[in-house]
*Asks:* 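Next up is a structure, given as structure tokens.
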Number of protein chains: 2
Amino acid sequence: MMAVLFVSQRRAEIPRLHSAFPDVRRINPDQARVMVDSGDRIWLMTDHPDWPALSGMLAAQEAIVVVMSLAPNEAEALKALQAGARGYVHALSPSELLGQVALVTSNQGVWVPAELLSKVVGVAFTSLGGHESLPQESLSALTERERAVALAVAEGRTNKEAARQLDITERTVKAHLGAVFRKLGVRDRMQLVLRLAKQGEKVA
Amino acid sequence: MMAVLFVSQRRAEIPRLHSAFPDVRRINPDQARVMVDSGDRIWLMTDHPDWPALSGMLAAQEAIVVVMSLAPNEAEALKALQAGARGYVHALSPSELLGQVALVTSNQGVWVPAELLSKVVGVAFTSLGGHESLPQESLSALTERERAVALAVAEGRTNKEAARQLDITERTVKAHLGAVFRKLGVRDRMQLVLRLAKQGEKVA
DNA sequence: ATGAATATTGGACCGATGGACAAGCCGGGA
DNA sequence: TCCCGGCTTGTCCATCGGTCCAATATTCAT
């Protein structure tokens, strides 16, 4: 458990990664889906065409994904974070920095190179003006926690993932979700997301 | 050096912050500009009207700023990060969590509550126009039957309902659906409907 | 004709989901 | 102080959803 894995298509290894984490093992992208376990720390190279999908899949399995690029840039950083990665770093960073990244990401933190961070945040900030509160129409009938659960689920998260994000048990997520279904008159999570999507487009 | 400071207008102290950091001292917002030094760790309450400006000033002095709010929300989180804060957290978080936040932010990391993180990153990403694949594009990768099943499921039907509609077995629906998931790189029907919804709004 | 892709179905397996029934904790109001 | 609504967790259980291993038939291209 808690394995440290280096996922890359072409590159066999990264010396500084090994010096920072002697236990690191290298696996192929297509091996990743079956070899990765919850809590594993994944260093994912961007040398595979489908690395965002792979990142999303690994993140969904509650692995801690850090994307490594040989040519870091803003767009790729955002893609990585959107794909569930907890970090985005230059592949040839010093081992001390890699250790720092691991420390941060292992504690619910996000690590992005300082020069990219400001851009990421800036972009997010400037784009917030338009579509801030979309689906609060029917959500107003819900309590705060029910709303939080509903939104998490409507974003495609599983009950387990929603539980982890809200720091409650899966059982509590089910309780809130059941209340949401009852109040909104929908039968399951699919109907919920469709309902919210429909209202979202009405506002927009 | 490396002082831990709690900056708040009204609130005298936060018990859990003290238990996490016994050395923390409380100062007023107007004292902050002169008392803060490089490397200091600042816990900044949002109970002052000009807290974003204050955060920016402290960040410019290379202090590590974590914004604390009694009612965390997406807009405020973005405001905090845009103002140079390294973290944004609920003011009444457990002391263990506060310790984690300090650990992350002290190591170049960014800390945002899990439920807000996805939104912040998501907003940033969608504003960049990072999508390449249009709806026809992704659906064209599917066969005719796969597309029919995908659409039925994306409209909220269960496998059983989709089977009845297409006059095939539920088992066959599962088979096609599995192929759809594999080709589109999604893990389940929720991700599918979200994918199609996202692409749909771009076309519209 | 032979192989590749597609469509269909079966069985089995197991995790995810939603409901039913119960119950403890906490904060605010009567 | 007592009550109530919201938040939290538990167990049990039926169903749904997704995947793996096959199998058969059809079409199309080489």
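Throughout, a chain's letter reflects where its sequence line sits, starting with A, and its residues are numbered from 1.
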*Asks:* Could you check whether any side-chain N or O of B/Thr169 sits under 3.5 Å from a backbone N or O of B/Thr172, counting only pairs where one atom can act as donor and the other as acceptor?
*Replies:*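 Not a single qualifying donor-acceptor pair exists.
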
*Asks:* What residues from residues 152-167 of chain B pass a heavy-atom cutoff of under 4.0 Å to DNA chain C?
*Replies:*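 Heavy-atom cutoff 4.0 Å gives no residues at all.
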
*Asks:* Should B/Thr169 be listed as having a side-chain N or O under 4.0 Å from OP1 or OP2 of C/dG10?
*Replies:*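 B/Thr169 to C/dG10 OP1/OP2: side-chain N or O found under 4.0 Å.
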
*Asks:* Is there a side-chain contact between A/Arg145 and the phosphate of D/dG6, meaning an N or O under 4.0 Å from OP1 or OP2?
*Replies:*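 No, no such contact exists.
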
*Asks:* Tell me which nucleotide among C/dG18, D/dC7, C/dT9 gets nearest to the side chain of B/Thr172.
*Replies:*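 Nearest nucleotide to the side chain: C/dT9.
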
*Asks:* Rounding to a whole Å, what distance do you find between B/Glu144:CD and C/dA5:C1'?
*Replies:*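 That distance rounds to 14 Å.
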
*Asks:* Verify, without hydrogens or angle tests, whether B/Asn28 (side chain) and B/Asp30 (backbone) share a donor-acceptor contact under 3.5 angstrom.
*Replies:*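 No; zero donor-acceptor contacts below 3.5 Å.
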
*Asks:* Could you state the NE2-C1' distance from A/His176 to D/dG10, rounded to the nearest angstrom?
*Replies:*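 Taking NE2 of A/His176 and C1' of D/dG10, I get 14 Å after rounding.
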
*Asks:* To the nearest angstrom, how far is B/Gln191 atom CD from C/dA16 atom P?
*Replies:*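 About 14 Å, once rounded to whole Å.
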
*Asks:* Measure the distance from CG on A/Leu177 to P on D/dC7 and round it to the nearest whole Å.
*Replies:*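 My rounded result for the distance is 14 Å.
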
*Asks:* Considering heavy-atom distances to DNA chain C, does A/Met190 or B/Ala175 have its closest nucleotide positioned more toward the 5' end?
*Replies:*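 This one resolves to B/Ala175.
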
*Asks:* Under a 3.5 Å threshold, yes or no: a donor from one side chain and an acceptor from the other, between B/Asn159 and B/Arg171?
*Replies:*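 Note: B/Asn159 and B/Arg171 side chains miss the donor-acceptor criterion.
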
*Asks:* Has the side chain of A/Arg171 got a donor or acceptor that lies under 3.5 Å from a partner of the other kind on the base of D/dT11?
*Replies:*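 When only heavy-atom distances are counted, A/Arg171 does reach the base of D/dT11 through a donor-acceptor pair under 3.5 Å.
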
*Asks:* Report the distance from atom NZ of A/Lys174 to atom C1' of D/dC7, rounded to the nearest whole Å.
*Replies:*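 That distance rounds to 17 Å.
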
*Asks:* Could you state the CZ-P distance from A/Arg182 to C/dG19, rounded to the nearest angstrom?
*Replies:*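 Rounding to the nearest Å, CZ of A/Arg182 and P of C/dG19 are 10 Å apart.
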
*Asks:* Counting the atoms with a prime plus P, OP1 and OP2 as sugar-phosphate, which does B/Ala179 contact under 4.0 Å by heavy atoms, base, sugar-phosphate, or nothing?
*Replies:*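 No contact.
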
*Asks:* Figure out the CG/P separation between B/Leu142 and C/dA7, and round it to whole Å.
*Replies:*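 Rounded to the whole Å, the gap is 10 Å.
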
*Asks:* Using atom CD of A/Glu170 as one end and atom C1' of D/dG10 as the other, report the distance to the nearest whole Å.
*Replies:*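 A/Glu170 atom CD is separated from D/dG10 atom C1' by 13 Å.
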
*Asks:* Are the side chain of B/Ser55 and the backbone N or O of B/Trp51 linked by a donor-acceptor pair below 3.5 Å?
*Replies:*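 The answer is no, because no donor-acceptor pair under 3.5 Å joins these two groups.
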
*Asks:* Compare side-chain N and O positions of A/Thr143 against OP1 and OP2 of D/dC7 and report whether any pair is under 4.0 Å apart.
*Replies:*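 Yes, such a contact exists.
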
*Asks:* Counting side-chain heavy atoms from CB outward, which of D/dT19, D/dT8, C/dG19 is closest to B/Phe181?
*Replies:*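 Nucleotide nearest to B/Phe181's side chain: D/dT19.
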
*Asks:* Using atom types as modelled and distance alone, determine if a side-chain donor or acceptor of A/Asn73 lies under 3.5 Å from a backbone N or O of A/Ala75.
*Replies:*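 At least one qualifying donor-acceptor pair exists.
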
*Asks:* Under 3.5 Å, side chain of A/Gln191 to main-chain N/O of B/Gly156, donor-acceptor pair present?
*Replies:*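 Yes: the side chain of A/Gln191 pairs with the backbone of B/Gly156.
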
*Asks:* Reading DNA chain C from 5' onward, which residue's closest nucleotide shows up sooner: A/Asp188 or B/Ile168?
*Replies:*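 Counting from the 5' end, the first nearest nucleotide belongs to B/Ile168.
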
*Asks:* State whether A/Lys174 and A/Glu146 are salt-bridged, where the test is any N-O pair (Lys NZ or Arg NE/NH1/NH2 against Asp/Glu carboxylate O) under 4.0 Å.
*Replies:*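 Here A/Lys174 does not pair with A/Glu146 in a salt bridge, since their nearest N and O are not under 4.0 Å apart.
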
